[in-house]
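Report on one structure; see the data block that follows.
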Amino acid sequence: QVQLEESGGGLVQAGGSLRLSCAASGRTVSSYTMGWFRQGPGKEREFVAANMWDRSGIHYADSVKGRFTISLDNDKNMVYLQMNKLKPEDTAVYYCAASRWTTHDPIDFDRWGPGTEVTVSS
């Protein structure tokens, strides 16, 4: 099983950038579909981005397409989420997650990190 831990959250002004990191241990990230999800105040957890384990593609939520980029570093066993042009509505706790399936449904992800908080001020 893989263990995950996020870092890189913080406070940023609207229009700014942050890069979130997810350190994986136990198994290589290339063995999993790796995803990023977020949960804003008073909201349900939602999909942000995912890189499919079978190299079939990378998927993004419409709300972040063109602004966020997910990437993997197999040598370091890391997953990243580069977030540009941040908006106040991006404020949320961001979670890294792993799935054995080609999916972006959070119910199919069975390994989760504890989350890292991102606050975007207007």
Side-chain angles (χ1 to χ4, degrees):
Q1 291 283 7
V2 66
Q3 291 78 46
L4 306 171
E5 184 168 4
E6 307 89 342
S7 62
L11 174 64
V12 63
Q13 287 188 331
S17 298
L18 278 177
R19 189 178 80 157
L20 304 183
S21 300
C22 174
S25 59
R27 292 195 66 179
T28 58
V29 294
S30 60
S31 301
Y32 295 90
T33 289
M34 297 304 301
W36 286 95
F37 297 82
R38 67 185 183 187
Q39 187 165 13
K43 298 181 180 179
E44 294 187 352
R45 191 169 298 189
E46 64 175 359
F47 166 74
V48 175
N51 182 86
M52 301 300 150
W53 73 269
D54 63 355
R55 304 184 182 181
S56 61
I58 294 174
H59 300 265
Y60 295 97
D62 288 342
S63 59
V64 306
K65 203 170 292 183
R67 299 188 298 123
F68 290 12
T69 303
I70 185 173
S71 62
L72 273 63
D73 186 328
N74 293 320
D75 291 339
K76 296 181 179 179
N77 218 27
M78 297 285 291
V79 185
Y80 303 101
L81 184 69
Q82 178 66 44
M83 307 187 295
N84 299 328
K85 300 179 182 179
L86 283 160
K87 305 175 181 179
E89 50 263 44
D90 295 319
T91 294
V93 177
Y94 284 72
Y95 300 90
C96 176
S99 173
R100 293 164 291 173
W101 312 106
T102 53
T103 179
H104 52 75
D105 189 333
I107 199 170
D108 294 324
F109 286 75
D110 55 3
R111 306 301 294 181
W112 293 82
T116 186
E117 189 167 3
V118 172
T119 302
V120 184
S121 63
S122 57

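Quick caveat, the model's predicted, so the values are computed rather than measured.
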Identify every side-chain donor-acceptor pair in residues 79-90 under 3.5 Å, counting partners at least two apart or on other chains, and give the distances.
| unit_1 | atom_1 | unit_2 | atom_2 | d |
| --- | --- | --- | --- | --- |
| Q82 | NE2 | N84 | OD1 | 2.9 |
| N84 | OD1 | S17 | OG | 2.9 |
| D90 | OD1 | R38 | NH1 | 2.9 |
| D90 | OD1 | R67 | NH2 | 3.0 |
| D90 | OD2 | R67 | NH1 | 2.8 |
| D90 | OD2 | R67 | NH2 | 3.4 |
| D90 | OD2 | K87 | N | 2.8 |

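- Sorted by first and then second residue, the disulfide bond (SG atoms under 2.5 Å apart) pairs involving residues 1-113 (not counting sequence neighbours) are C22-C96.
- Partners of K65 by salt bridge (Lys or Arg N to Asp or Glu O under 4.0 Å), not counting sequence neighbours, listed by chain and number: D62.
- The ring pair (Phe, Tyr, Trp, His ring centres under 6.0 Å) check on H104 picks up F47, H59, with sequence neighbours excluded.
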Pairs under 3.5 angstrom only: tabulate donor-acceptor contacts from the side chains of residues 112-122 to other protein residues two or more places apart or in another chain.
| unit_1 | atom_1 | unit_2 | atom_2 | d |
| --- | --- | --- | --- | --- |
| W112 | NE1 | F109 | O | 2.9 |
| T116 | OG1 | G9 | N | 3.1 |

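- Going from atom OH of Y94 over to atom CZ of F37 covers 13.0 Å, rounded to the nearest 0.5 Å.
- A cation-pi contact links R45 to Y95, judged by a cut-off of 6.0 Å to the six-membered ring centre and 45° from its axis.
- Cluster annotation: L11 is not connected to V93 through the hydrophobic network of ILVMFWY side chains, with a link wherever side-chain heavy atoms come within less than 4.5 Å.
- With sequence neighbours excluded, the residues forming a side chain to side chain contact (heavy atoms under 4.5 Å, CB included) with S25 are Q3, listed by chain and number.
- When all heavy atoms are compared, the tightest approach of A24 to L4 is CB-CD2, 3.8 Å.
- Here salt bridge (Lys or Arg N to Asp or Glu O under 4.0 Å) pairs that include residues 1-11, with residues two or more places apart or in two chains, number zero.
- With sequence neighbours excluded, the residues satisfying side-chain hydrogen bond (donor to acceptor under 3.5 Å, both in side chains) with T103 are D108.
- A search for side-chain hydrogen bond (donor to acceptor under 3.5 Å, both in side chains) contacts involving S31 returns T28, not counting sequence neighbours.
- Here the CE-CZ distance, from M34 to R111, works out to 11.0 Å after rounding to the nearest 0.5 Å.
- Not a single salt bridge (Lys or Arg N to Asp or Glu O under 4.0 Å) links D105 to another residue, sequence neighbours left out.
- Judged as a salt bridge (Lys or Arg N to Asp or Glu O under 4.0 Å), and not counting sequence neighbours, R27 has no contacts.
- A single hydrophobic cluster is not seen to contain both W101 and Y32; linkage of ILVMFWY side chains at heavy-atom distances under 4.5 Å, directly or through other members, places them apart.
- Inter-residue side-chain proximity for I70 and Y60 is flagged as met; some heavy-atom pair is nearer than 4.5 Å.
- Applying the side-chain hydrogen bond (donor to acceptor under 3.5 Å, both in side chains) test to every pair with at least one member in residues 47-56, sequence neighbours left out, gives these pairs: D54-S56.
- By the rule that hydrophobic residues join a cluster once side-chain heavy atoms approach within less than 4.5 Å of another member, V12 and V64 end up as members of one cluster.
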